[in-house]
Amino acid sequence: MSAFLRVENLTHIYPGKIKALESINLEIGEGEVVAVLGRNGSGKTTLVKHFNGLLKPTKGNVWIGDMNAKKHSVAKLSAKVGYVFQNSNHQTFLPSVEQELRYGCENIGLDEETIQERVERVTELFQLEDILETNPFDLNSTQRKEVGMASILAIEPKVIVLDEPTTGQDHAGSERIKEVITMLKEQGHIVILVTHDMQLVGELDCRVVVISNGKKLADGAAREVFKDKAMLKEASLEPPQVMTLAEQLTSFGVNDHVLTVEEMIKEYKRVKKLDINKQLQTS
Amino acid sequence: MNSMYVQGNSFLHQLDPRTKILFVFSIILFVFLFYDPMFQFLVTVSLLPIVFLSGLTTPYLKTVKFMFLLVFLIITVHGLYNPMGDVTKVTWQLTENLSFKHDALIYGAVMSFRILSIGTATLLFVMSTHPSDLANALVKWKVPHAVAFMILSTFQLIPIIGREAKVIMEAQQARCLDVKANMIQRVKHLIPLFAPLFITSFMRVHQMSQVLECRGFSSTGPKTSLREMTIGFRDYAFLTAIALFALAAITLRAVVGGTLLPITDFVLMSALIGIWIVCSIYFFDFLWKSVRKKVV
Ligand SMILES: Nc1ncnc2c1ncn2[C@@H]1O[C@H](COP(=O)(O)OP(=O)(O)O)[C@@H](O)[C@H]1O
Ligand SMILES: [Mg+2]
């Protein structure tokens, strides 16, 4: 079976002849987490807005399962592809968190029982029990972001697009988002995140797609892609700091196949142990 | 993308905003002095070379089509249904009880060309004047700085709010809100679209006031401006020309009266058909573009 989300030869030209994407090909299968990376203005948002039909291809096609995104309304596609906007203020308008969570489900016409059940599920997931009656605008930005994400997850879309989810989040917020992404992956969802947060990408240890000037520069496991220094330079990207550190320490026997702080610690212990063994042998 | 200003370096761009404001007012004066479609038409047409010379042709044509829609409705509906003047004087009998009446058509044509000429003059002003220059001009006319800034920031907020509205629309569609639903549902959908818009706009304005205070907005005493402007020879020449025209027009009005030449049916028919033709060109252009979009 072919991949659930397929982008075929996608080109997008904005009014005013601004070519934002050029001949992008991409296949994303179930249970995959994909980070879309690139500098500001490279075309990341333009790419992911095609997934729920907010933008229609100038050339090429986007397939969501057996639906051609060109031929369906955003409202319809959004039941399959949830899109969490960067600024949650843009979607918030109801007087309580609970109503916000219900809203999307009501739009797709679910029955009361199912809605209840889903609202409970996302409430638990984000631990929103205490603020269900609160007005979303009285929450801090981390909580508001979580409500925004929860209200999309309640629709239970197969694909979830997160546009810069950790930007402006405090540490706890970022951690929770990371946990949620991992959980969604395990449940077989597709998660696509647009981000500048390299540490997050490292810790998710996911597939990355690098976009530069509207073209796909690289596509593969973060560990592999981040080794291509020339490509990263062209896309103005910096790998996670800990990876750079490991690379600087290869002469001490550190393996540069390191992506997270935890791996680095393990690697350090391994090298240290070798070192001690060597010292013992020589003495 | 701020306001409707189009960058340029033409004669009109270099004029002082105050000169241009006087220019717009004088056009308004001209077209209200006379009740003669031919005169209004001449005023409109004589503004077109200025549009061209200022390099504003494309943005002008894009904006003026909305005016043409209005003008089309005005001349057609007034011509057919306005019961003013002598209703027995018919210019064009369409069917047994549907006809364009002479006096009503005059009214419709006068109104149409008034809208077009005033609209054109205003567009010339707005498109050739940087919003900050407008604020400066107001300050020079002793409008309090805060008031001038209010007007300026309104100009600049409109496109920002427009962009915001688009994002909100998308965010709500992403929550399965069907914006292409039927009329009644669309009215209901105004709440999800407008509530966030109002809230974010208030937040933005609140934030802006703090940013301004941090940069000393409310300090007292005279303020200087980054964009200095002076009334120069160019402005005096332009103002003199306007004054001469105004003098001539007022004299003409006093001597000849509101109508310069007898208004014939031929003139009225040309006005009516002319407006229809321009409108249909815009309409077919629109159709052609939408068809092409569908095909691609
Ligand atoms: N609505 C639009 N109209 C015209 N150009 C746009 C629009 N949105 C984005 N662009 C342009 O398309 C390019 C890609 O933008 P975007 O996808 O937002 O980049 P990113 O999300 O990677 O920062 C940029 O050059 C941007 O200026
Ligand atoms: Mg973006």
Side-chain angles (χ1 to χ4, degrees), chain A residues 11 13 15-16 45 48-49 51-60 70-95 99-110 135-137 141 148 151-157 160-161 163, chain B residues 1-2 4 6-7 58-59 61-63 159-182 184-208 285-286 288-296:
Chain A
T11 297
I13 300 172
T45 303
V48 293
K49 275 189 178 172
F51 298 162
N52 69 342
L54 283 173
L55 290 174
K56 302 289 178 195
T58 310
K59 275 196 215 120
K70 230 187 235 181
K71 307 230 162 79
H72 293 87
S73 73
V74 181
K76 194 140 174 237
L77 286 164
S78 293
K80 291 244 161 84
V81 182
Y83 190 116
V84 182
F85 274 68
Q86 188 179 347
N87 185 348
S88 38
N89 293 345
H90 286 140
Q91 61 170 55
T92 312
F93 69 98
L94 288 161
Q99 279 167 291
E100 277 292 327
L101 298 180
R102 296 174 57 99
Y103 180 70
C105 301
E106 287 169 1
N107 276 336
I108 53 173
L110 295 177
N135 186 320
F137 278 99
S141 62
S151 74
I152 296 290
L153 292 187
I155 303 170
E156 298 199 346
I160 293 126
V161 178
D163 199 349
Chain B
M1 258 278 289
N2 262 348
M4 290 166 78
V6 180
Q7 219 154 13
T58 323
L61 287 180
K62 252 187 208 157
T63 320
I160 293 177
I161 291 179
R163 235 170 307 166
E164 195 103 322
K166 196 169 159 250
V167 177
I168 290 169
M169 185 99 120
E170 293 181 345
Q172 300 299 12
Q173 278 176 281
R175 300 170 80 199
C176 305
L177 179 74
D178 193 357
V179 289
K180 297 202 171 72
N182 64 39
I184 296 166
Q185 294 205 306
R186 276 195 206 193
V187 173
K188 267 202 260 167
H189 293 166
L190 288 178
I191 298 169
L193 298 181
F194 275 94
L197 188 61
F198 276 123
I199 295 169
T200 52
S201 298
F202 280 125
M203 284 160 94
R204 178 187 306 282
V205 169
H206 183 74
Q207 208 168 22
M208 187 154 138
D285 180 59
F286 172 76
W288 166 240
K289 280 199 182 121
S290 4
V291 167
R292 214 172 37 175
K293 217 181 261 167
K294 281 265 160 58
V295 171
V296 167

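Note that the structure is predicted; figures quoted are calculated from it, not measured.
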- line: Interface check, chain A: of B:Val167, B:Leu197, B:Leu193, B:Ile191, most non-hydrogen pairs under 4.5 Å belong to B:Val167

- prompt: Side chain, backbone, both or neither: which part of A:Lys59 has a non-hydrogen atom closer than 4.5 Å to chain B?
  reply: neither

field: Heavy-atom donor-acceptor pair, B:Arg175 side chain to A:Glu100 backbone, under 3.5 Å
entry: yes

query: Above 12 or not: heavy atoms from other molecules or residues under 6.0 Å from CZ of A:Phe137?
result: yes

message: For A:Ala79 versus B:Cys176, what's the shortest heavy-atom pair and its separation?
response: N-SG, 3.8 Å

field: Part of B:Met169 within contact of chain A (heavy atom distance under 4.5 Å)
entry: neither

field: Closest heavy-atom pair and its distance - A:Ala75, B:Leu177
entry: CB-O, 3.7 Å

field: More than 12 heavy atoms of other groups within 6.0 Å of A:Lys80 NZ
entry: no

query: Where does B:Ile199 contact chain A at under 4.5 Å (heavy atoms): side chain, backbone, both or neither?
result: side chain

- prompt: More than 12 non-hydrogen atoms from neighbouring residues, nucleotides or ligands closer than 6.0 Å to CG on B:Leu61, yes or no?
  reply: yes

statement: Distance col, row A:Leu54:CG vs B:Lys166:NZ, nearest 0.5 angstrom, shows 9.0 Å

query: More than 12 non-hydrogen atoms from neighbouring residues, nucleotides or ligands closer than 6.0 Å to NZ on A:Lys76, yes or no?
result: no

field: Main-chain N/O of B:Gln173 paired with A:Ser78 side-chain donor or acceptor, under 3.5 Å
entry: yes

message: As an exercise, state the distance from CG of A:Asn89 to CD of B:Glu164, rounded to the nearest 0.5 Å.
response: 8.5 Å

task: Sort A:Ser88 into side chain, backbone, both or neither according to what part of it lies under 4.5 angstrom from a heavy atom of chain B.
output: neither

field: Chi angles and distances behind the side chain to side chain contact (heavy atoms under 4.5 Å, CB included) call for A:Tyr83, B:Glu170
entry: CA-CA 10 Å; A:Tyr83 190 116; B:Glu170 293 181 345; over 6 Å; no

- prompt: Is there side-chain contact between B:Gln172 and A:Tyr103, with at least one heavy-atom pair below 4.5 Å?
  reply: yes

- prompt: What are the two closest non-hydrogen atoms of A:Thr92 and B:Pro196, and how far apart are they?
  reply: O-CG, 3.5 Å

message: Testing the basics here: between B:Ala171 and A:His90, what is the closest heavy-atom pair and its distance to 0.1 Å?
response: CB-O, 4.0 Å

